[in-house]
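Encoded as structure tokens, the structure appears first; notes follow it.
What you see below is based on every heavy atom in this structure, not just the backbone, and it leaves out hydrogens, waters and symmetry mates.
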Amino acid sequence: MRDIDVFSKLLNLQAPWKIDRISLVPQEQHLDIWLAHRRHASFPCPECGLRYPLYDHVPSRTWRHLDHGDYRTWLHARAPRVTCREHGIRQVHVPWATPGSRLTIPFERHAIDVLLEADVLGGARLLRLTWHEAWNIVERAVARGQRAKGRRIVAHLGVDEKAVAKRHRYVTLVNDLDRGTVEYIADDREKTSLDAYYQSLSAEQLAGIEAVAMDMWGPFIESTAAHVPDGRSKIVFDRYHVMRHMSNAVDHVRRAEHRRRHAEGDDTLKGTRYLWLFAEGNVPESHAERFAVLRAMDLETGRAWALKEALRDLWDYRRAGWALRHWKRWYVRATHSRLKPVVRAARTIQGHLDNVLTYFDHRITNAMSEGLNSQIEALKKTPTVTAIGST
């Protein structure tokens, strides 16, 4: 059987398409296959499906196909164009690739299987793609999933940012908190990053949003207020992020106190960073005795930690009024603690208190988003990413 016949069967080519020629380049481990169509063929308009005779071709383009052994395989063809009576001149969709893709459908299917079993960087290495090419495969797969889902109202959204690389590169994530699905991911964490999601929704979908859990990041606040009806009252500053302000404050207190004590030859706080980040009920048993001793000492870090844990009780109340009373008492203690990082954190939270207390209207948190972030942690390992939809 001739090479052309073998590859025609492997590519499952249907009329009017055929293999014109094949070239093997051993030095570069390339296998190049040029495709053509029979003369006088007609093609369907990609808009309406009506068939028309050939108008002309676009310049030759290349698609990556499944490897053959160590040889990377490339398909080359000039895509036809037709003149539709209704839609004008349109480029015909080639049968071996999705519109706009420079990868064949079989290659994309294989790549998705690989990427499901590995992170993006590892999958890219196995597939011999750049990280961006591998991520674009993920984007297109998710976009297809989004289209298949159809339009629906998402009542409770979670909005979060995720660091995906060095040099402070981020993505914006939007999650359906009720269904546990990622609805959208966009490059960066600017207002425009979230704007694009809201702009993709219908008026009915926007009106159906009941609450949006997020951190206190200004661009997310402004985007939600601009697009969601009565958006400011629907924002819920997530408990996790509010507590993170206090956890950071505790760590700043610890570092300053450790520097002072170390200068005096006292290393009491050495190696204790992570102990102070634990909630009271989550301290590992192996460290419980040591931590109890530290807490009993007259440490500024211990006072900061105690204030952090007292703040945690805010979300245990059933009514906003009782929570507000708790907050007022806690705020006086925090701002009179003479611990500058704690005072700063307390004032930051006070400045956003209205949307901390909206929790008691909606009872949502971004915990699911944080869980998804853990999964995304396995995917990142490299540079910037762009939009993704539902999982």
Side-chain angles (χ1 to χ4, degrees), residues 158-163 168 170 173 189 213-218 220-221 235-261 268-288 290-317 323 326-353 355-357 359 364-374 376-377:
V159 178
D160 202 2
E161 80 266 5
K162 179 66 181 174
H168 302 288
Y170 291 90
L173 295 92
R189 54 172 182 165
M214 64 175 68
D215 62 15
M216 299 173 188
W217 183 238
F220 292 167
I221 297 169
I235 292 171
V236 178
F237 290 136
D238 181 61
R239 171 180 180 167
Y240 169 84
H241 291 99
V242 174
M243 288 303 301
R244 190 165 64 184
H245 282 281
M246 271 305 298
S247 293
N248 290 340
V250 172
D251 194 47
H252 279 92
V253 171
R254 179 199 60 81
R255 283 188 281 173
E257 187 174 18
H258 174 60
R259 282 194 297 269
R260 292 195 306 271
R261 286 177 172 269
T268 297
L269 289 171
K270 184 177 180 180
T272 66
R273 176 187 177 188
Y274 292 103
L275 286 177
W276 301 107
L277 300 181
F278 283 113
E280 185 170 13
N282 294 335
V283 178
E285 187 175 346
S286 58
H287 296 288
R290 182 190 181 196
F291 192 52
V293 171
L294 288 168
R295 287 171 56 192
M297 297 175 68
D298 184 20
L299 296 172
E300 291 182 358
T301 307
R303 289 199 291 122
W305 180 86
L307 284 165
K308 171 175 73 78
E309 292 306 297
L311 177 60
R312 195 183 302 278
D313 295 337
L314 179 75
W315 289 272
D316 291 338
Y317 289 94
H326 176 84
W327 167 260
K328 288 178 178 178
R329 292 192 297 269
W330 183 90
Y331 183 72
V332 170
R333 291 175 57 199
T335 52
H336 288 76
S337 66
R338 292 179 296 176
L339 303 171
K340 290 182 179 179
V342 171
V343 173
R344 284 196 299 270
R347 288 175 176 165
T348 296
I349 300 167
Q350 173 67 28
H352 296 82
L353 186 61
N355 291 104
V356 173
L357 296 178
Y359 167 81
I364 62 170
T365 74
N366 239 355
M368 190 275 294
S369 300
E370 297 306 320
L372 289 169
N373 276 351
S374 299
I376 291 170
E377 184 71 23

Distance, nearest 0.5 Å, that separates CZ of R344 from CG of L339 | 10.5 Å
Side chain to side chain donor-acceptor pair (under 3.5 Å): pairs with one or both residues in residues 273-283, sequence neighbours excluded | T272-W276, E280-R295
To the nearest 0.5 Å, atom CH2 of W217 lies from atom CZ of R189 at 4.0 Å
Applying side chain to side chain contact (heavy atoms under 4.5 Å, CB included) between M214 and each of N355, D160, D238, I235, report the one that passes.
-> I235
Quick one: list whatever passes ring-ring contact (aromatic ring centres under 6.0 Å, His included) with Y317, sequence neighbours left out.
-> H326
R244 side chain near D215 side chain, heavy-atom distance below 4.5 Å | yes
Result of checking K308, R303, E300 against V250 for side chain to side chain contact (heavy atoms under 4.5 Å, CB included) = K308
Which atoms form the tightest heavy-atom contact between G271 and R290, and what is the distance?
-> O-NH1, 3.9 Å
Check whether any side-chain heavy atom of N366 sits under 4.5 Å from a side-chain heavy atom of Y240, and report yes or no.
-> no
So do V356 and W315 actually touch side chain to side chain, heavy atoms under 4.5 Å?
-> yes
Enter the distance from H252:NE2 to T301:OG1 here, rounded to the nearest 0.5 Å.
-> 12.5 Å
Which atom of A346 lies closest to which atom of T335, heavy atoms considered | CB-CG2, 4.2 Å
Is there a side-chain contact between H352 and V242 (heavy atoms, below 4.5 Å)?
-> no
Heavy-atom side-chain contact between V343 and S337 under 4.5 Å | yes
To the nearest 0.5 Å, how far apart are CG in L299 and CZ in R261?
-> 5.0 Å
Just jot down the ring-ring contact (aromatic ring centres under 6.0 Å, His included) partners of H258, sequence neighbours excluded, or say none.
-> H262
Distance, nearest 0.5 Å, that separates CZ of R254 from CG of D251 | 4.5 Å
Heavy-atom distance under 4.5 Å between the side chains of H241 and M216, does that happen here?
-> no
To the nearest 0.5 Å, atom CZ of F237 lies from atom OG1 of T365 at 15.0 Å
So among V332, I349, L357, which one has a side chain to side chain contact (heavy atoms under 4.5 Å, CB included) with W327?
-> I349
Heavy-atom closest pair, residues M246 and A304 | CE-O, 3.9 Å
Minimal heavy-atom distance between L173 and E161, with the atoms involved, is CD1-C, 4.1 Å
Answer with yes or no after comparing the ring centroid distance for F291 and W305 against a 6.0 Å cut-off, counting only values under it.
-> yes
